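As the structure is a prediction and not an experimental result, all values here were calculated from the model.
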Number of protein chains: 2
Amino acid sequence: MNRVRIGVDVGGTNAEAVALAAGGRVVASARRATRIGPDGVVDTVRGLVAELADGRRELVSVGVGIPGIVADGIVRHAVNLDLRETDLAAALRGRLAVPVAIDNDVRAAALGAHATRGGSLAYLNLGTGIAAGIVTDGTVRRGASGAAGEIGHIPVDPAGPVCACGQRGCIEAFAGGAAIARRWHATEPALAEVVGAHAAARTPTDVSPVLPATDRPPAIPPAPLVVFDAADAGDERAIRIRDDAVHAIAAAARILVLATDVERVVLGGGVSRLGERLRGAVARELDRAAAASPFLTELRLADRIEREPAFSHVPAIGAALLPG
Amino acid sequence: MNRVRIGVDVGGTNAEAVALAAGGRVVASARRATRIGPDGVVDTVRGLVAELADGRRELVSVGVGIPGIVADGIVRHAVNLDLRETDLAAALRGRLAVPVAIDNDVRAAALGAHATRGGSLAYLNLGTGIAAGIVTDGTVRRGASGAAGEIGHIPVDPAGPVCACGQRGCIEAFAGGAAIARRWHATEPALAEVVGAHAAARTPTDVSPVLPATDRPPAIPPAPLVVFDAADAGDERAIRIRDDAVHAIAAAARILVLATDVERVVLGGGVSRLGERLRGAVARELDRAAAASPFLTELRLADRIEREPAFSHVPAIGAALLPG
């Protein structure tokens with residue numbers, strides 16, 4: 001019987017799981033809507049584990065990547081999941097007779113990105129919020145207080161918008177999915193008029209979670225998609241919001257490389273599902289800045305930017321690797 | 001006979017050396033003017049080694065911290081020392097019959113700061129330029145291309161002054177010693193009028209290298225001192241230049257903590273010899289920003305800021321530790 005390690009990436013809307021065979025090969029995957037609250041999250045994880053570790057596979061361990069501050073199996077401040085302070089590891093160990101490990105979802109994803117690439121890297125998660133998981137010498141860096149990689153709250157423009165964190169002009173205030181939506185909807189434009197029937201027709205599909213089609217990439221957060229489409233159609237406000245977001249993501253990449261000199265910056269998370277439209281724009285912004293700076297040119301920043309393919313299962317793969 | 005490891009910190013103006021006994025205790029120190037060029041630098045290091053490893057001490061190893069890009073003992077781009085590409089390790093090994101190791105001066109200083117403190121830290125070198133040496137898990141981080149810690153060239157204000165690197169609004173363009181001098185002298189004020197006889201009288205002493213008084217702290221770069229004095233005296237232009245510098249150093253500290261979550265940020269280098277005037281101002285700036293941000297408050301940034309005392313010999317101590 002196949003021995004498998006199962007990893008679950010618990011998102012605010014959906015949870016994804018993979019089963020890894022020996023050698024790290026993905027032999028199965030599953031996806032379902034996340035139920036929130038301590039019991040809901042435990043049931044969600046258990047349901048996915050049961051689905052993947054059926055009679056044909058022997059379960060070795062379970063790893064869970066989850067938003068929030070995670071230390072020693074305890075999840076704090078996972079607001080969207082309604083987990084204020086939950087000992088998720090203990091709750092799962094009580095129901096699964098195998099080793100269980102829990103970590104922050106971005107750090108787990110960084111571990112997964114590293115497993116598929118090697119070398120040193122930062123996994124730059126562009127979701128509702130923005131943070132990075134940093135892997136050097138094969139180790140995910142946590143830092144002295146678990147804050148390593150919280151670069152979303154570095155200000156890049158003192159004249160920028162106020163961030164949810166209280167500062168002004170943070171990277172997240174320009175490029176976080178929630179901030180892009182807030183800026184775009186600030187004046188409530190008639191979407192169909194602004195972006196045309198094409199994008200307007202596509203939006204509802206992307207908004208609604210479609211389940212349980214595991215072979216379908218997760219939805220792009222609608223606001224970034226709508227803004228990029230509107231910018232392509234020439235809308236000046238959309239162009240400004242898009243360019244600000246691209247500029248902030250490029251700033252994040254530059255900060256990550258100048259502080260830690262990782263070989264790669266891997267764009268992940270919901271906003272990254274804009275794909276090459278986003279990666280290419282960020283790389284061009286970095287090249288534009290480097291054109292004026294021999295120092296930056298030598299760092300080859302644009303060449304270090306990659307994006308995580310939507311089907312890669314990297315966050316769940318990293319979660320599966322957490323138990324070690 | 002005492003067995004000693006000697007470390008030499010080669011600066012653009014002066015070179016300082018220490019002799020470490022077993023256990024890391026400093027048993028002797030020396031200081032002399034740096035001679036530039038490949039032969040000049042080798043002679044400077046040899047002279048200091050001969051002075052410290054006289055007949056009473058047995059030499060175990062020599063480590064050298066030096067500006068520029070250093071890899072495998074080869075020093076590149078050390079412009080102020082007139083070293084374009086010099087195999088300094090080979091040149092020294094030919095003349096010293098002991099192990100020799102060379103590294104960038106900021107990384108060596110970070111190693112020295114770590115040796116005296118433990119824990120994880122960033123040594124933020126505030127000199128003519130700005131860079132940090134980052135120590136986590138007891139290891140100085142180099143990064144994939146030797147650029148780890150080059151945070152001086154992270155822009156913090158898109159409307160800021162053009163930096164020597166070609167970008168605009170870099171940390172170094174606000175807080176580097178050379179940039180402060182350039183901004184201050186931009187309109188050539190009559191110093192004596194602006195800052196009063198006190199500071200004006202002190203300036204010439206600080207400009208000229210005073211040698212070989214090893215028991216005297218290195219000079220504060222004159223422009224930052226004059227600017228801080230003038231700001232205290234109420235000069236509005238000086239207040240702006242000072243506040244911009246403090247703001248940029250606070251930004252550097254925030255970037256270092258959010259990217260790497262080091263326990264401490266140690267202010268070192270010439271500009272840091274402003275002492276508590278600078279450290280206190282940076283800590284107040286961080287507290288001011290945290291007042292609006294529960295997120296920052298939790299990180300206790302101001303508490304992490306320390307300054308390296310002027311007499312600490314930390315750069316040379318770190319150099320002595322390079323051979324391992």
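- Across B/A291, B/A132, B/G149, the residue that shares the most heavy-atom pairs under 4.5 angstrom with chain A is B/G149.
- In this structure, CD1 in A/I305 is found 13.0 Å from CZ in A/R307, a value given to the nearest 0.5 Å.
- Looking at B/I134, the atoms closer than 4.5 Å to chain A (heavy atoms on both sides) all sit in the side chain, from C-beta outward.
- Neither the backbone nor the side chain of B/L256 comes within less than 4.5 Å of any heavy atom in chain A.
- B/R304 and A/S145 share a side-chain donor-acceptor pair at under 3.5 Å.
- B/D303 CG: more than 12 foreign heavy atoms inside a 6.0 Å radius.
- Residue contact with chain B, scored on non-hydrogen atoms closer than 4.5 Å, involves the backbone of A/R142 exclusively.
- In terms of heavy-atom pairs under 4.5 Å with chain A, the best-connected choice from B/P158, B/C163, B/G169, B/A131 is B/P158.
- Within a 6.0 Å radius of CG in B/D82, more than 12 heavy atoms belonging to other residues, nucleotides or ligands are found.
- Contact annotation for A/L299: only side-chain heavy atoms (C-beta onward) come within less than 4.5 Å of a heavy atom of chain B.
- Taking OG1 of B/T86 as the reference point, atom CG of B/L81 lies at 9.5 Å (rounded to 0.5 Å).
- Counted by atom type alone, B/T136 and B/R141 present one or more donor-acceptor pairs between their side chains at under 3.5 Å.
- Chosen from A/A290, A/G160, A/C165, the residue pairing most often with chain B at heavy-atom distances under 4.5 Å is A/C165.
- In terms of heavy-atom pairs under 4.5 angstrom with chain B, the leader among A/S120, A/P155, A/A122, A/A144 is A/A144.
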